[in-house]
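Below you'll find the structure, written out as structure tokens, and then a few comments.
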Amino acid sequence: MIGALLLVLGLRSTPPSSESVQTDERTVFQTHQPYSDRINSRADVAVVYGIDKTMPDRIKTWRDKGYRIHLMTGVAWGEYQDYYYGRFDGVNHEDEAQTRQNGEKIGHGGDVYYMSPGKNYGKFLSVGVRRALDAGVEAVHLEEPEFWVGGGYGAGFKREWQDFYHQPWQDPSSSPDARWRAAKLMYFLYRRALQQVFDSIQDYNKSHGTHVRCYVPTHSLINYASWGIVSPESSLARLNGCDGYIAQVWTGTARTPNYYKGVKKERTFETAYLEYGSMQNLVRATGRGVWYLADPIEDNPDHDWGDYRRNYQSTLVASLLHPEVSQFEVMPWPERIFNGDYPAENDPKRRVPIPSAYASELQIVFNALKDMRQSTVKWDSGSQGVGVVVSDSLMFQRGAPQSSDDEMGHFYGLALPFVKRGMPIQPVQLENDTLPHYLDSFKVLLMTYEGMKPLSPEVHRPIADWVRAGGTLVFVDADTDPYLKVQEWWNTAGMSFATPREHLFQLLGLPAAPPHELNKVGRGRVVYLRRSPTELSKSSSGADQLADRVRTLAENLNWKDSSCFLLRRGPYVIAAGMDETESGTQSLRGDFVNLFDPALKVLNSVELKPDTRYFLIDLSKYRSHVIASAGKVTIGASDTHRFQATLEGMANTPGVVLLRTPGRPVSASLDGNPLSIDRYDSTRHLLWLRFPNQARPQTIEVKY
């Protein structure tokens, strides 16, 4: 029993010492602070931020407390004045700052700017990263390679344009073609810089016999396109030395408003679900990995604690509804979460520290996230097998003179009608469809070239083959996007298609403008709807019209509506009730513990009402002794007469542990002192113990 529990929780059988380290990497967090008791989350990995001179000392403080150590540093900006002013290579690089049309440099205050990376920029970053390699980090995270679409006016960018295109620079706002070409160059520059750093790390590994891994923490493609940022995204998985990503999805990205049925508002859960899905599809079938991040607060310090908590629960549940991913960044910047003051929920004029109930809830969740690698996964939601195709070029059509829809209606107009019906729809990365079996799990693909374009003709053949094998392609497009006329592969070098859709249809054996809505191709179908998905998103009836056509015409899809998302991952139940839906409310019956409830009460029934979020343990399926805890539990000597363990958490926060007992408890103690029993449920044999958390192992003993 105890051995099985250790295996499930990934816990050690002895208390941690200053010399011992974690042996797994299920949970991580990032911080630019040295260790302190207040931010002792007991995640598996401390990701130390920044490559300044204090970095080796900060690494030591976390390593001495038993954490595995990674490094993270910004790619687009940082305290990189040595490069900026030429102290690195003797060449002044001030003209490599991203610069707006009015000459303003895009920055973070002072002389810290977003960079338009020149040929030596990646080499400069490599020198700083080498200091971390010498300090013994196990992985390097190169964060947020971001080029703002309005930043293509600096002298350095103009030089790179000449080198890349062998033509004089063009004002990106002068035409859609110039905007497209500027974005392609921005995309290339950060890919080049990152490859320089990856190469340096691989050289270090070869010469030192190490295996330091490389990851890129990045916002989702959906968010970058929405915010007007260009980043290499899917192309990074093809770079030598890239091991994967951290999906930087949190309240700040997911609360970006969008349209559904003509109503514009924040839809944090739905947006986060699609953002996480797009990140998972960057690595699916590539051999790379991804961590999912969620932030208990966000960058904006003026929301209240209730807002932070509700939106955190929405983003976390959205992340857990992707069962392929079982590694998590539990928080960025714990120092700002647990040491910062923010508006009180019921008194926004008063700023207060984190509420104690929320501090306990977070630690309960952090510990549960270590147990998400479950072999049994079961959906009880809407139809599976629906995908919506996305391309990195979503980022290329932003900015003057003709930006694609500001609310991303060309994407959300296709995706939200199915999310709202409880269907676990997935964004499908177009650039990855040439990978073997990448499309095999899909029955229906929703697709448009409004707002994006294919970056090569090669991606069309796998889609045509997939349709002939029995898939249903739903192509929704009015062919009015001005970016159809940019100089690209479909209208150059011997090709003369008015739109890349015509090239795809030719491979499918269809005319450029099929006269019928439904077209049979092999064993599959092509449904061609001559509508703008953006217009569908802004119409009160557009979502229903699209869903009706798919329900009627996609015969290979076993259509099922649901009022909620409901996923079982082993003993865990993850659920989200949908609003803006006409489906009835679903309910659960049994014995459940809600991990969002710091009291850890048992629920006999759960109503999945609109806009509700749940992270539950099904007690009928959870066999381990320790059910939940606000702190890290390490099992000691235990048998049918006695339970002994240590628990370590964040200092000055309420600790709680919920145990399943073999008998009625007679006594409990904490570090040898009597501990009162908070509650005992004799029917379910459940014991609740509460005590102040300490940032050191405290010994709990229960006798039966």
Side-chain angles (χ1 to χ4, degrees), residues 74-77 95-108 113-118 121 143-162 164-165 169-194 216 218-236 248 252-253 256-258 275 278 390-412 431 449-453 455 481-488 534:
V75 174
W77 62 274
D95 65 0
E96 289 181 25
Q98 294 180 29
T99 305
R100 294 190 174 95
Q101 192 173 25
N102 63 2
E104 176 188 1
K105 295 178 180 179
I106 303 174
H108 275 259
Y113 300 101
Y114 281 89
M115 298 300 292
S116 170
Y121 183 66
E143 184 192 34
E144 297 180 345
E146 299 173 346
F147 211 124
W148 291 90
V149 296
Y153 292 88
F157 185 76
K158 293 177 180 179
R159 282 196 307 273
E160 294 287 355
W161 182 296
Q162 180 71 47
F164 191 72
Y165 289 114
W169 171 83
Q170 298 176 30
D171 183 340
S173 66
S174 63
S175 69
D177 186 67
R179 168 61 59 199
W180 178 271
R181 299 177 84 191
K184 287 185 73 173
L185 177 56
M186 295 169 179
Y187 187 86
F188 163 78
L189 292 178
Y190 269 112
R191 189 172 66 232
R192 181 182 69 186
L194 284 167
V216 181
T218 174
H219 298 207
S220 71
L221 165 62
I222 297 166
N223 177 254
Y224 275 153
S226 178
W227 284 8
I229 297 171
V230 177
S231 189
E233 290 293 284
S234 71
S235 69
L236 297 179
Q248 293 182 320
T253 66
T256 303
N258 48 42
E275 285 196 66
S278 73
V390 295
S391 166
D392 283 359
S393 63
L394 279 169
M395 300 176 290
F396 294 7
Q397 300 191 192
R398 321 303 296 179
Q402 290 176 286
S403 178
S404 296
D405 180 55
D406 289 342
E407 287 78 27
M408 297 280 290
H410 39 276
F411 171 72
Y412 290 112
E431 287 78 13
Y449 282 147
E450 182 179 302
M452 70 178 196
K453 306 292 174 286
L455 298 178
D481 190 329
Y483 287 82
L484 292 171
K485 293 182 170 60
V486 301
Q487 295 182 54
E488 263 295 351
T534 298

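One-based numbering along the sequence shown.
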What salt bridge (charged side-chain N to carboxylate O under 4.0 Å, His left out) pairs are there with at least one residue in residues 96-107, not counting sequence neighbours?
-> R100-E104

What residue pairs, at least two apart or across chains, pass salt bridge (charged side-chain N to carboxylate O under 4.0 Å, His left out) with a residue in residues 396-406?
-> D405-K538

So, does [X] use its side chain to make a donor-acceptor pair with the main chain of [Y] at under 3.5 Å?
X	Y	result
W169	G152	yes
Q170	A178	no
Q98	W148	yes
T99	A97	yes
R192	P117	yes
S393	M452	no

Would you mind reporting whether [Y] and [X] have side-chain heavy atoms less than 4.5 Å apart?
X	Y	result
Y190	S235	no
R159	D95	yes
Y449	D481	no
V486	K453	no
T534	E450	yes

Please give me the minimum heavy-atom distance between [X] and [Y], naming the atom from each residue.
X	Y	answer
T256	S226	CG2-OG, 3.6 Å
S174	P401	C-CG, 4.2 Å
M408	I222	CE-O, 3.9 Å
E431	D392	OE2-N, 3.2 Å
P176	Y483	O-CE2, 3.4 Å
L221	S391	CD2-O, 3.5 Å

E488 meets the salt bridge (charged side-chain N to carboxylate O under 4.0 Å, His left out) criterion, sequence neighbours left out, with K184

CD of Q101 to OG of S173, rounded to nearest 0.5 Å, is 4.0 Å

Can you measure from CD (E233) to OG (S220) and round to the nearest 0.5 angstrom?
-> 7.0 Å

Which one of Y187, Y165, F396 satisfies the ring-ring contact (aromatic ring centres under 6.0 Å, His included) criterion with W180?
-> F396

Examine the side chains of E160 and S116 and answer whether a donor and an acceptor come within less than 3.5 Å of each other.
-> no

Taking atom types as modelled and ignoring hydrogens, do the side chains of N223 and Q248 form a donor-acceptor contact shorter than 3.5 angstrom?
-> no

With sequence neighbours left out, what residues match [X] under ring-ring contact (aromatic ring centres under 6.0 Å, His included)?
X	answer
Y412	none
H410	none
F147	F157

Quick one: do T253 and E275 satisfy side-chain contact (heavy atoms from CB on, under 4.5 Å)? Show the steps, please.
-> CA-CA 9 Å; T253 66; E275 285 196 66; 3.2 Å; yes

Steps toward side-chain contact (heavy atoms from CB on, under 4.5 Å) verdict (T218, Y224) = CA-CA 9 Å; T218 174; Y224 275 153; 3.1 Å; yes

side-chain contact (heavy atoms from CB on, under 4.5 Å) between V390 and F411, intermediate numbers included = CA-CA 8 Å; V390 295; F411 171 72; 3.6 Å; yes

Could you go step by step and tell me if Q402 and R179 meet the side-chain contact (heavy atoms from CB on, under 4.5 Å) rule?
-> CA-CA 9 Å; Q402 290 176 286; R179 168 61 59 199; over 6 Å; no

